[in-house]
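For reference, the structure discussed in these notes is given below.
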Amino acid sequence: MFVRIVKMSLHMNFIEDFEKMFDEKKATIRGFKGCEFLELYQDKNNPGLFFTYSYWKNESDLIRYKNSDFFKATWKQTKSYFNDKPEAWSVHKKISLP
């Protein structure tokens with residue numbers, strides 16, 4: 001399992017649109033084969049800065065998701081809200097303390 005972190009910087013006037021879109025699509029994202037966990041974060045000092053954390057069973061599941069028509073349409077819509085280039089990382093969780 002690994003964690004995919006995506007950082008997105010949005011135009012301030014699109015924050016509400018993005019949040020609505022994410023709310024509508026979150027169950028489909030989370031229900032995608034191999035996705036075991038999904039969270040959305042908003043920076044407390046910069047409300048236009050968002051992060052998604054998703055946990056994937058393996059890289060092939062993430063690749064399958066990224067190649068899906070659902071992802072392509074969702075990402076196209078999401079990109080229209082950006083005011084800066086997104087960043088993404090795939091990381092292995094080393095330690096977690098509940």
Side-chain angles (χ1 to χ4, degrees):
M1 180 183 70
F2 70 97
V3 180
R4 181 72 170 179
I5 303 168
V6 180
K7 175 185 171 187
M8 299 167 284
S9 183
L10 308 178
H11 290 283
M12 298 300 282
N13 56 324
F14 289 127
I15 291 173
E16 200 172 304
D17 295 337
F18 171 75
E19 290 177 324
K20 181 178 183 229
M21 183 220 37
F22 190 87
D23 191 54
E24 292 169 353
K25 297 178 184 275
K26 66 185 177 192
T28 303
I29 297 167
R30 174 58 183 88
F32 207 90
K33 182 180 185 272
C35 183
E36 298 187 337
F37 184 82
L38 176 65
E39 289 184 320
L40 175 67
Y41 297 92
Q42 183 180 28
D43 189 272
K44 67 182 256 179
N45 296 314
N46 178 356
L49 193 58
F50 286 84
F51 300 84
T52 57
Y53 281 62
S54 54
Y55 292 16
W56 294 88
K57 283 185 181 180
N58 56 59
E59 191 170 5
S60 62
D61 290 326
L62 176 61
I63 291 168
R64 190 176 308 105
Y65 168 68
K66 288 175 67 177
N67 287 328
S68 72
D69 290 338
F70 172 81
F71 173 82
K72 290 175 185 175
T74 300
W75 192 242
K76 181 178 180 181
Q77 183 178 2
T78 304
K79 287 192 311 187
S80 71
Y81 304 144
F82 292 164
N83 67 6
D84 200 0
K85 184 177 177 181
E87 297 180 63
W89 301 268
S90 293
V91 299
H92 293 287
K93 186 189 319 186
K94 299 303 266 184
I95 298 172
S96 180
L97 302 175

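Everything quoted here is computed from the prediction, not taken from an experiment.
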Residue pair Arg30 / Glu36: nearest heavy atoms and the distance that separates them: NH2-O, 2.9 Å
Of all heavy-atom pairs linking Leu10 and Asn83, the shortest is O-ND2, 3.2 Å
Is there side-chain contact between Tyr65 and Ile29, with heavy atoms separated by less than 4.5 Å? yes
Rounded to the nearest 0.5 Å, how far apart are CE of Met21 and CG of Asp23? 10.5 Å
Are Phe50 and Ile5 in one and the same hydrophobic cluster, where Ile, Leu, Val, Met, Phe, Trp and Tyr link if side-chain heavy atoms are under 4.5 Å apart? no
Hey, does the side chain of Gln42 reach the backbone of Pro47 with a donor-acceptor pair shorter than 3.5 angstrom? yes
Could you state the interatomic distance from CD (Glu39) to CZ (Phe51), rounded to the nearest 0.5 Å? 13.0 Å
With rounding to the nearest 0.5 Å, note down the distance linking CZ in Phe18 to CG in Leu40. 5.0 Å
Candidate pair Phe70 and Lys25, rule side chain to side chain contact (heavy atoms under 4.5 Å, CB included), full reasoning: CA-CA 9 Å; Phe70 172 81; Lys25 297 178 184 275; 3.8 Å; yes
Could you identify which residues cluster with Ile95, counting Ile, Leu, Val, Met, Phe, Trp and Tyr as linked when any side-chain heavy atoms lie under 4.5 Å apart, either directly or through a chain of such contacts? Leu97
Any ion pair linking Lys20 and Glu16 (charged N to carboxylate O, less than 4.0 Å)? no
Determine whether more than 12 heavy atoms belonging to other residues, nucleotides or ligands lie under 6.0 Å from atom CG of Asn67. yes
Using the rule that Ile, Leu, Val, Met, Phe, Trp and Tyr join whenever any side-chain heavy atoms are under 4.5 Å apart, tell me whether Leu49 and Trp89 fall into a single cluster. yes
Membership question, hydrophobic clusters at under 4.5 Å side-chain separation (ILVMFWY): are Ile63 and Met1 in the same one? no
At what distance, to the nearest 0.5 angstrom, does NZ of Lys66 lie from CZ of Phe71? 6.0 Å
Taking atom OG1 of Thr52 and atom CZ of Phe22, what is their separation to the nearest 0.5 Å? 6.5 Å
Can you give me the closest heavy-atom contact between Asp61 and Phe32, atom names plus distance? O-CE2, 4.4 Å
Could you pull out the closest heavy-atom pair between Val3 and Lys93, with the gap in Å? CG2-CB, 4.4 Å
Could you check whether atom CD of Gln77 has more than 12 heavy atoms from other residues, nucleotides or ligands sitting under 6.0 Å from it? yes
Expected output: side-chain Arg4 to main-chain Tyr55 donor-acceptor under 3.5 Å: no
Got a sec, which residues hit side-chain hydrogen bond (donor to acceptor under 3.5 Å, both in side chains) with Ser54, two or more places apart in sequence or on another chain? Trp56
side-chain contact (heavy atoms from CB on, under 4.5 Å) against Ser60, all qualifying residues, sequence neighbours excluded: Asn58, Arg64
Nearest 0.5 Å please: distance from the OG atom of Ser90 over to the CG atom of Leu62. 6.0 Å
Identify whether Val91 and Tyr53 are in the same connected component of the hydrophobic contact network (ILVMFWY, side-chain heavy atoms under 4.5 Å). yes
Taking the ring centre of each residue, are Trp75 and Phe82 less than 6.0 Å apart? yes
